[in-house]
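Naming convention: chains lettered A, B, ... in sequence-line order (proteins, then strands); numbering from 1 in each chain.
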Amino acid sequence: MADWKHTLNLPRTGFPMRANLQTTEPAVIARWNEMGLYARIRERRAGAPQFVLHDGPPYANGKIHIGHVLNKVLKDVIVRSRTMAGFDAPYVPGWDCHGLPIELKVDQELGGKKRHMSVADFRRACRRYAQKFVDRQSADFQRLGVLGDWDRPYRTMTPDYQAAIVRALGRFVEQRVVYKGKKPVHWCLHCRTALAEAEVEYEDHTSPSIYVEFPMREASAAALAEKAPAVAGRPVSVLIWTTTPWTIPSNLAVAFHPGVDYGVYAADGVAEAHAGDERGGAVIIAEKRRDATAAALGRDFGPPLATLKGRDLEGATFGHPLYDRDSVGVLADYVTLEQGTGAVHTAPGHGADDYATGVRYGLDVHAPIGPSGRFDDDVEIVGGQKVFDANPTVEAALADAGRLWHRDTVDHTYPHCWRCHHPVIFLATWQWFIGLDTGGLRGRALSAIRGVEWFPEWGEERIRNMLANRPDWCISRQRSWGVPIPAVYCAACREAVLTTALTDRAAAVFAEHGADAWYERDVGEFVPPDLRCPACGGAEFERERDILDVWFDSGSSHEGVLGDHPELDWPYNVYLEGSDQYRGWFHSSLLVALGTRNAAPYRQVITHGFVVDESGRKMSKSIGNTVEPQTIIRQSGAEILRLWVAMVDYREEVRIGPHILDRIVEAYRKIRNTLRILAANLYDFDPAAHAVPRDELLEVDRYALARYGEVAARVLRAYERYELQTVVRTVNNYLTVDISAFYVDVLKDRLYTLGPRAHRRRSAQTALHAIAGGITRLLAPILPVTCDELWRHLPGVDADSVHLADFPAEPESLVDPDLIARWTRLLGLRDAVNGELEKLRQDKVVGTSLEAAVTLTADGGLAGLLEAHRDDLATLFITSAVSLRTGPAAGGGESGALHRDADGCARIEVGRADGAKCPRCWRWVMPRGAGPDPAEAAVCDRCTNALADMAATVA
RNA sequence: GGGCCUGUAGCUCAGCUGGUUAGAGCACACGCUUGAUAAGCGUGGGGUCGGUAGUUCGAAUCUACCCAGGCCCA
């Protein structure tokens with residue numbers, strides 16, 4: 001038998017089936033660098049409307065993890081898609097370089113050497129460390145295919161950026177919202193330093209456990225008696241529980257939960273404190289804590305004399321158990337009923353909650369304790385004592401006063417210094433703040449967020465709640481690696497001074513020498529000659545040692561980035577970060593921008609969720625369920641990670657794991673192979689010379705194009721809304737269902753067996769070319785390497801790289817609803833025919849569908865439709881023959897299956913095709929001429945013509 | 001404990017303002033093909049929509065509570 005195979009126009013392409021991304025990706029990325037792709041895109045878009053996605057700076061520490069991948073790939077896809085949509089979309093990556101984690105790491109690395117280093121030298125070590133990780137992460141991000149201005153990233157530690165930070169601070173100073181106030185922080189008495197939360201370790205500790213009585217003042221008791229007559233005539237008190245007796249001297253309030261029920265219980269104990277008073281006392285305890293408290297005290301409480309809500313106690317006044325001053329009743333939501341009495345001793349200078357409550361009620365942040373933990377000398381009873389030594393003193397004084405109801409010890413976890421492992425205390429210290437209300441900052445922030453578009457929409461609600469409830473911004477840190485607050489102190493009276501003259505001069509010096517100058521240069525360089533202390537008129541000043549909160553650094557990035565990139569239009573189009581940044585960067589950036597320009601720095605804010613494992617649990621090294629991007633890249637390639645990012649719903653938590661990645665790899669293969677077969681059928685197609693005008697295309701080709709038009713239009717809309725999942729799902733469905741399973745399958749006969757120049761073949765290639773080129777561009781932002789590689793295997797493309805091309809323009813013009821509706825019906829029939837063919841196949845009557853013939857009997861509108869497409873039907877079913885009859889399909893007694901659609905019905909009968917198999921096109925046709933042996937018959941008439949056409953071409 | 005969010009087939013996702021037997025792709029099973037071949041085609045099985053209780057003639061779709069999970073606070 002002759003081998004006809006090489007007389008066919010079989011697909012051929014250099015685009016490999018196996019992606020081999022591990023080696024292809026670095027090569028393609030290297031090519032981008034060689035051709036200066038980023039710069040060429042900038043040139044090409046010069047003058048186009050700008051679209052700026054402003055990069056949130058990752059912290060310059062550690063290697064990148066899967067969360068970075070999600071974040072950076074999303075950004076890259078958006079930037080690339082906006083670029084291909086016609087915008088000038090520059091992308092300037094950034095890094096957050098200052099801050100505690102680096103300081104601690106460097107501290108660790110330096111060990112004892114740090115002792116002999118100046119602050120400036122230590123900062124230089126930190127800078128080297130940060131730069132090392134900037135370089136490392138930059139390489140990793142680029143390996144992911146992220147395109148950007150990697151040669152000129154912004155870094156919060158560069159001189160111009162540091163100057164921008166100080167200038168931003170100056171704007172707040174100018175608006176008179178920067179002030180110095182007291183706030184409790186973790187304080188290590190041993191190291192005499194403030195500790196960040198990360199430097200605190202919780203260890204087991206045994207503490208005193210004391211129940212202390214605060215007597216209610218007469219007026220409040222009288223008011224209470226009015227509401228609850230049963231209490232009338234009794235001295236009333238409230239019982240609190242604490243594990244830090246030494247904070248009692250700093251008590252200013254007693255906190256109650258507004259919604260909790262409190263009982264007033266008859267108690268003899270009160271009488272002790274009122275020696276000689278014959279009246280029985282009463283004590284306030286949360287009802288739900290009565291039994292536990294009674295057990296701890298070793299006594300019984302009867303039923304309550306009266307019951308009241310916590311909110312009824314707001315504003316009640318109590319007497320301090322040791323001093324002659326008031327302690328006021330306040331309300332707080334954090335009061336729990338898990339321990340204690342439900343009434344919480346409150347010392348605003350010694351606790352975070354206490355402080356917040358104190359601020360709300362305008363209480364003094366009282367903490368008469370020095371840096372070494374010694375009470376000020378003028379404090380009664382405990383003056384001069386160290387805080388922990390003061391515990392027994394306080395207990396004794398309370399007992400003497402008759403206010404100590406019970407004393408025990410308790411084992412619990414207590415914060416310790418991670419360095420020296422001594423217990424730490426909460427101690428109010430002087431800090432710099434930006435006031436949220438004095439300058440109306442909070443109000444302006446709340447109104448600014450309304451003008452921002454939030455993706456998802458609930459983001460606005462989330463940030464609103466935070467802004468509405470947050471305290472003033474504490475912007476100072478007692479650290480070395482950061483931007484110094486350029487304030488000074490009067491040498492004479494210790495008054496803190498911070499003026500715009502100071503920030504201006506600091507900004508100028510920092511811009512030239514970097515912020516290390518603050519530690520190395522004479523203070524005189526920063527102090528204007530005419531500066532006088534506003535308190536005492538002094539002219540001698542010393543510099544502040546605090547640095548700025550790093551959130552102020554990164555929050556200034558919208559200003560800092562402009563130093564190297566003045567071409568960027570402020571405000572920016574999009575910020576895109578994880579949902580933790582509502583409290584972090586979105587928040588600080590908004591506040592800084594309101595300070596510098598009185599507007600939000602972003603028009604749109606997009607958030608993504610966190611990456612969790614396959615069962616939805618958070619990732620942690622200890623559980624061992626982490627997924628390392630480096631491993632995935634090595635095994636499967638970065639494009640797989642990118643496709644993963646685009647296929648999941650990034651707005652909520654996103655899952656990843658081996659099984660999910662298997663699915664992604666499958667999806668990638670399908671996309672790649674389908675696009676490959678399109679390219680492979682275009683090997684001899686030159687669109688300029690061979691393209692068939694639209695109105696001369698076969699109907700099925702116009703149908704494929706119409707569906708492509710729908711898909712492309714939908715994809716473009718999805719990109720605009722950042723709905724990458726819709727992009728991939730739409731394209732993927734189209735490629736698998738429309739193209740691979742239907743169009744290409746149906747096209748094979750036409751493409752392979754006809755003469756190469758046959759109009760019917762060129763018609764198919766015209767559609768394939770438009771579809772392949774279009775889909776390649778539409779997927780390019782997501783799979784930039786694969787699509788660029790494919791792009792270069794497509795005929796007739798003008799751009800050097802798909803990334804220099806534009807998205808398809810006006811794809812909706814290809815859509816023809818009537819045409820699509822007709823073919824949707826035909827495809828419905830095709831499914832039904834396939835069902836019948838499958839039965840033949842299962843019965844071993846036929847193998848391939850070309851061995852079968854179909855007989856259709858149709859009625860209604862369907863009959864007309866089929867009649868109009870009579871010549872297309874065999875191709876549609878990929879059978880060798882179809883005979884069509886018009887007539888009642890549902891007649892009784894006949895064989896076959898019924899297919900019913902919206903307008904009409906068709907009876908489907910299938911059987912073996914007659915005739916003999918053409919050895920070239922494999923269709924079963926009636927033997928040409930009546931040869932003695934059909935098996936030796938030559939090729940069919942159609943193939944004969946095709947061969948003649950090819951011969952003519954060669955000649 | 002509070003703010004915001006999530007829970008539909010093994011996986012990734014559709015299911016608009018409540019209304020026919022809950023859909024798609026992948027995976028899986030079976031078969032076909034060997035002219036997309038470490039490919040391709042066809043057919044099929046599989047969810048009662050996290051749980052409970054309500055509202056309603058009717059709920060995956062509304063309400064309440066509960067369970068599981070995520071981010072941020074405490």
Side-chain angles (χ1 to χ4, degrees), chain A residues 3-13 15 17-18 257 332-338 352-353 356 456 458-466 468-470 578-584 587 607-618 643-644 646-649 651-667 669-670 672-681 725-726 728-737 740-742 744-746 748-749 751-753 830-831 833-844 846-851 878 920-922:
Chain A
D3 183 5
W4 298 100
K5 187 166 171 175
H6 32 259
T7 69
L8 297 169
N9 316 303
L10 291 180
R12 47 182 106 141
T13 177
F15 183 69
M17 180 185 279
R18 301 262 299 162
H257 193 289
D333 289 333
Y334 56 78
V335 173
T336 72
L337 297 175
E338 275 152 35
D353 284 340
W458 49 255
E460 181 177 347
E461 176 86 1
R462 186 163 173 180
I463 198 166
R464 161 167 292 113
N465 287 333
M466 286 175 184
N469 296 318
R470 66 157 296 156
S579 56
D580 54 337
Q581 300 303 333
Y582 286 111
R583 174 150 292 269
H587 196 114
T607 53
H608 61 253
F610 274 63
V611 183
V612 295
D613 74 8
E614 282 184 331
S615 53
R617 307 286 166 152
K618 76 162 76 179
L643 188 56
W644 165 73
M647 286 183 82
V648 297
D649 184 355
R651 293 168 303 181
E652 44 192 88
E653 313 93 87
V654 291
R655 301 181 179 214
I656 196 169
H659 296 100
I660 290 172
L661 285 166
D662 282 349
R663 295 294 85 74
I664 305 290
V665 168
E666 286 304 319
R669 269 193 208 139
K670 184 70 186 183
R672 182 180 180 93
N673 276 325
T674 306
L675 290 172
R676 178 172 175 269
I677 191 67
L678 301 188
N681 276 303
Q725 198 175 254
T726 303
V728 177
R729 180 159 29 86
T730 303
V731 170
N732 195 35
N733 243 52
Y734 177 67
L735 287 180
T736 53
V737 179
S740 183
F742 169 62
V744 170
D745 216 27
V746 143
K748 285 173 183 168
D749 181 61
L751 288 166
Y752 300 170
T753 68
R830 183 179 196 256
D831 286 341
V833 169
N834 272 334
E836 293 305 298
L837 291 175
E838 183 64 19
K839 288 178 195 161
L840 286 190
R841 203 173 282 131
Q842 298 289 342
D843 292 344
K844 304 295 177 192
V846 300
T848 161
S849 56
L850 279 176
E851 289 165 21
I878 318 184
R920 183 170 176 276
C921 71
W922 292 352

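With rounding to the nearest 0.5 angstrom, the CD atom of A:E838 is 10.0 Å from the CG atom of A:D843.
Between the side chain of A:S740 and the base of B:A36, at least one donor-acceptor pair of N or O atoms lies under 3.5 Å. Side chain A:R583 to base B:C71: no donor-acceptor pair is found below 3.5 Å. The base of B:G70 has none of its N or O atoms less than 3.5 Å from a complementary donor or acceptor on the side chain of A:E653. Residue-to-nucleotide contacts include a donor-acceptor pair under 3.5 Å from the side chain of A:W922 to the base of B:G35.
Between A:P456 and A:T607, the closest side-chain pair of non-hydrogen atoms falls below 4.5 Å. Between A:E614 and A:I660, some side-chain heavy-atom pair lies under the 4.5 Å cut-off. For the pair A:R841/A:S849, a side-chain contact is recorded, criterion being any heavy-atom separation below 4.5 Å from C-beta on. Within the 4.5 Å cutoff, side-chain heavy atoms of A:W644 are placed close to those of A:V654.
Within the 4.0 angstrom heavy-atom criterion, no nucleotide atom of any strand lies near A:R470. Across all strands, A:A741 comes closer than 4.0 Å only to sugar-phosphate atoms, never to a base (heavy-atom distances). As judged by a 4.0 angstrom heavy-atom cut-off over every strand, A:G616 is placed among residues touching the sugar-phosphate backbone only. Among the heavy atoms of the strands, none lies under 4.0 Å from A:V846. Using a 4.0 Å heavy-atom criterion, one finds that A:D662 contacts no nucleic acid atom at all. No engagement by A:Y582 is indicated, since no non-hydrogen atom pair under 4.0 Å with the nucleic acid exists. Across all strands shown, A:I660 has heavy atoms under 4.0 Å from sugar-phosphate atoms exclusively, and none from any base.
Comparing B:C5, B:C71, B:U43 by their nearest atom to the side chain of A:N834 picks out B:U43. Here B:A38 is the nucleotide among B:C41, B:C13, B:A38 with the atom lying nearest to any side-chain atom of A:R18. Of all nucleotides listed (B:G69, B:G35, B:A14), B:G35 comes nearest to the side chain of A:T753. When distances are taken from the side chain of A:M17 to each of B:C11, B:A39, B:U12, the shortest belongs to B:A39. Distances from the side chain of A:R663 to the nucleotides B:C11, B:C13, B:A39 place B:C11 closest. With distances taken from any side-chain atom of A:E461 to the nucleotides B:A27, B:C32, B:C4, the minimum falls on B:C4. Residue A:M466 has its side chain nearest to B:C72 when only B:C4, B:C72, B:A36 are considered. Taking only side-chain atoms of A:D745, from C-beta outward, the nucleotide of B:U6, B:C41, B:A39 with the closest atom is B:C41. Ranking B:C32, B:G42, B:G40 by closeness to the A:R830 side chain, first place goes to B:G42. The side chain of A:D353 lies closest to B:A74 when the candidates are B:U43, B:A74, B:A36.
When rounded to the nearest whole Å, the span between CG of A:L751 and P of B:G35 equals 16 Å. If you take CG of A:D843 and C1' of B:G31, they are 11 Å apart, rounded to a whole angstrom. In this structure, A:D613 places its CG atom 17 Å from P of B:A68, rounding to the nearest Å.
Between the side chain of A:R672 and the backbone N or O of A:M17 there is at least one donor-acceptor pair closer than 3.5 Å.
On the C1' atoms, B:U33 is 15 Å away from B:U43, given to the nearest whole Å. Taking the C1' atoms as reference points, B:G44 lies 22 Å from B:A39, given to the whole Å. Between the C1' atoms of B:C67 and B:A53, the separation comes to 14 Å (whole Å). Rounded to whole Å, the separation between the C1' atoms of B:U63 and B:U56 comes to 12 Å. Of the P atoms belonging to B:G47 and B:A22, the separation is 11 Å, rounded to the nearest Å. With both ends at atom C1', the span from B:G46 to B:G23 equals 14 Å, rounded to whole Å. Remark: the separation of the C1' atoms in B:G31 and B:G45 is 15 Å, to the nearest Å. Going from the C1' atom of B:A68 to that of B:G51 covers 10 Å, rounded to whole Å.
Using the Watson-Crick or G-U wobble rule with both distances under 3.5 Å, B:G1 pairs with B:C73. The base-pairing partner of B:U17, taking Watson-Crick or G-U wobble contacts with both distances under 3.5 Å, does not exist among the strands shown.
In this structure, A:R676 reaches the B:U37 phosphate: one of its side-chain N or O atoms is under 4.0 Å from OP1 or OP2. Considering only side-chain N and O atoms, A:K670 lies under 4.0 angstrom from the phosphate OP1 or OP2 of B:G40. The phosphate of B:G40 (OP1 or OP2) has no side-chain N or O of A:K748 nearer than 4.0 angstrom.
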Worked check of side-chain contact (heavy atoms from CB on, under 4.5 Å) between A:T13 and A:R676: CA-CA 8 Å; A:T13 177; A:R676 178 172 175 269; 3.9 Å; yes
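Annotation: cation-pi geometry not satisfied between A:R920 and A:Y752 (NZ/CZ under 6.0 angstrom from ring centroid, within 45° of ring axis).
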